[in-house]
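Single-structure report; data block below.
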Amino acid sequence: MQLLTSSVGRKVLMAITGQLMVLFVIIHMLGNSSIFIPGGINAYAEHLHALPPLVWGFRLVMLVAVAIHILFGVQLSLENRAANAETYAVKNLKRATLGSQSMLYTGLLLLAFIGYHLLQFTIRVTPDIVAGVDAQGRFDVFAMVTNSFSHGIIAFVYIAAMVVLFLHLSHGIQSFFQTMGWNNNKTLPVIGKIGTVAAVVLLLGYASIPLFIVSGILKG
Amino acid sequence: MSHDKTMTLTLHVWRQKGPKEPGKFETYEAKEVSPDQSFLEMLDEVNEDLIKAGKDPIAFDHDCREGICGMCSQVINGAPHGGMERTTVCQLHMRMFKDGDTIYIEPWRARAFPIVKDLVVDRGALDKIIQAGGYTSAHTGGVADGNAILVPKEVADYAMDAAECIGCGACVAGCPNGSAMLFTSAKVSQLAVLPQGEAEAARRVCAMTEELKAQGFGNCTNHYECQASCPKGIDVKFIAKLNREYLKALCK
Ligand code: HEM
Ligand code: SF4
Ligand code: FES
């Protein structure tokens, strides 16, 4: 099938799966920010896990999306490297950005982070985890997260990972629109700005949690 | 011509005897360069000195020397065609440089463009992409009446903007992925919007993108370096158009 082999077809699959992940990180960020409401995140987690078919359906879609995105991301990047093996002695790039040039690396770093993150807060096997229940007998997500993020090094890793996500999305969000063909010379600069703003909002939204905890503003 | 202010420049030029030979930079001094000369005229004089000294002149491609044939292909200080907006190497004037400047001159570099000699590369791969679908099928016969098929002005303008591509390959040379997507998209877009080309639009976009891959060009990751490198200002909106055409073609 051409969609799985051609230059544009594989890009479109990357764009769609990438955008699914963007939708996921937006929803995930909104869910996480319930940590700033007293008792909020424990209630949120309780409601979410009361619906196993929803959770597992979501996980399955994300797993497939991540797999497709990585497979083609690595494959296309290797092809691109082969197509441009000999580089220039002098380089004078005009429009490529740090984000656009580091997509494969930021992507692989994100993969490593996703692995760590799942081991930590989903599978809960990292040594920092405190797994208890709150006054209402719910699993205490708040205590778990505040305890883990009170370790400076863990807070730092999370903030660094969100900077990496910012770099990936500073290129990726606008790239999605171009790849899907939903773009022209008038929309391109606007979409570029929207992409950057969205990437900044995600960075601030996510990084604020470990920042507030490690600095002692949000206490467990 | 007045030669009151000539320049002396140091050139580092990529020299390579043949496709399989190893290449390296050679350093030359360009003396008494007039600001009124074009970049190619400057190189002509360097070559005359080389010939007088019994050395092999620098091989470089050129033809029209008026910015329309797309032959001149040099990466100058890291930018295809020297990086001036909408300017080919032949149209690049020496007044853009200062006395004492050092200039690096390299060939287009991409796997799909093998080096023939020095700064000359084989850009035949672009022709293969055109042959795969960059045309409209028409029965030959008498010359058709120019106004037999009416084309709205905006459509004609759009097609003309895309048709400005001179096939020089700077977009490939400037692309970090060695992709020819801008070149391909210009032809796909030009023909897709015209009534004469519309009928074959689906077959064309599939065939041309397949050929692009077969010729060893990379995939587009939207760096937009191609537009910045293009001497004709071909817009990346045509790549978005190609992607639209591709998605439309799949559904059929
Ligand atoms: C899991 C490991 C990941 C790898 C190896 C990876 C790798 C890549 C690569 C190589 C590209 C192509 C660059 C381009 O075409 O612009 C890309 C694009 C993209 N990525 Fe990722 N990425 C990963 C994770 C993510 C995550 C977590 C998100 C979102 C939260 C994401 C969102 C995107 C988007 C939106 C695009 C642009 C789609 C396009 O137009 O092609 N990626 N990724
Ligand atoms: S799109 Fe521009 S840079 Fe590419 S071949 Fe055509 S004229 Fe040259
Ligand atoms: S020599 Fe024809 S475009 Fe430069």
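Chain letters run A, B, ... following the sequence lines, proteins first and then strands; every chain starts at 1. Fair warning: this is a prediction, and the values are worked out from it, not measured in the lab.
- The most heavy-atom pairs under 4.5 Å with chain A, out of B:Cys220, B:Ser229, B:Ala112, come from B:Cys220.
- Both the backbone and the side chain of A:Ala82 come within less than 4.5 Å of a heavy atom of chain B.
- Taking every heavy atom of both residues into account, A:Tyr88 and B:Ala173 meet most closely at OH-O, 2.8 Å.
- Contact between A:Ala83 and B:Asn177 at its shortest, heavy atoms only, is CB-O, 3.5 Å.
- The number of heavy-atom neighbours closer than 6.0 Å to CZ of A:Phe36, taken from other residues, nucleotides and ligands shown, is above 12.
- In A:Phe156, the CZ atom is not crowded: 12 or fewer heavy atoms of neighbouring residues, nucleotides or ligands sit closer than 6.0 Å.
- Listed options B:Lys213, B:Glu106, B:Arg244 were ranked by heavy-atom pairs under 4.5 angstrom with chain A; first place goes to B:Glu106.
- For the residue pair A:Ser6 / B:Tyr246, a side-chain donor-acceptor distance below 3.5 Å is found, with atom types taken as modelled.
- Taking a 6.0 Å sphere around CZ of A:Phe166, one finds it holds more than 12 heavy atoms contributed by other residues, nucleotides or ligands.
- Inter-residue side-chain proximity for B:His223 and A:Arg95 is flagged as unmet; no heavy-atom pair is nearer than 4.5 Å.
- In this structure, CG in A:Asn184 is found 10.5 Å from CZ in B:Phe238, a value given to the nearest 0.5 Å.
- The only option from B:Asn243, B:Ile239, B:Leu212 that meets the side chain to side chain contact (heavy atoms under 4.5 Å, CB included) definition with A:Val8 turns out to be B:Asn243.
- For B:Ile76, no part lies near chain A; criterion is any non-hydrogen pair under 4.5 Å.
- Put simply, of A:Thr87, A:Leu76, A:Val12, A:Val90, the one with the most heavy-atom pairs under 4.5 Å next to chain B is A:Val90.
- In terms of heavy-atom pairs under 4.5 Å with chain A, the best-connected choice from B:Pro176, B:Ala110, B:Gly216 is B:Pro176.
- Considering only heavy-atom pairs separated by less than 4.5 Å from chain B, the leading option among A:Gln174, A:Lys186, A:Lys91 is A:Gln174.
- Across all non-hydrogen atoms, the minimal contact from B:Asn222 to A:Ser175 is ND2-OG, 2.8 Å.
- Chain A forms the most heavy-atom pairs under 4.5 Å with one residue out of B:Ser179, B:Cys206, B:Pro80, and that residue is B:Cys206.
- For A:Leu93, the parts sitting under 4.5 Å from any heavy atom of chain B are the backbone and the side chain alike.
- When every heavy atom of A:Arg10 is checked against every heavy atom of B:Asn219, the shortest pair comes out as NH2-OD1, 3.9 Å.
- Neither the backbone nor the side chain of B:Glu245 comes within less than 4.5 Å of any heavy atom of chain A.
- Taken to the nearest 0.5 Å, the CZ atom of B:Arg111 stands 13.5 Å off from the CZ atom of A:Arg81.
- At a 4.5 Å heavy-atom cutoff, B:Val205 makes no contact with chain A through either its backbone or its side chain.
- Counted by atom type alone, B:Thr221 and A:Asn80 present zero donor-acceptor pairs between their side chains at under 3.5 Å.
- Considering only heavy atoms from C-beta on, A:Lys94 stays 4.5 Å or farther from B:Tyr224 through its side chain.
- Between A:Ser7 and B:Gly218 the shortest heavy-atom distance is OG-O, 4.3 Å.
- Listed here is the closest heavy atom pair of A:Asn92 and B:Asn77: CB-O, 3.5 Å.
- Atom CG of A:Asn185 sits about 4.0 Å away from atom NZ of B:Lys237, to the nearest 0.5 Å.
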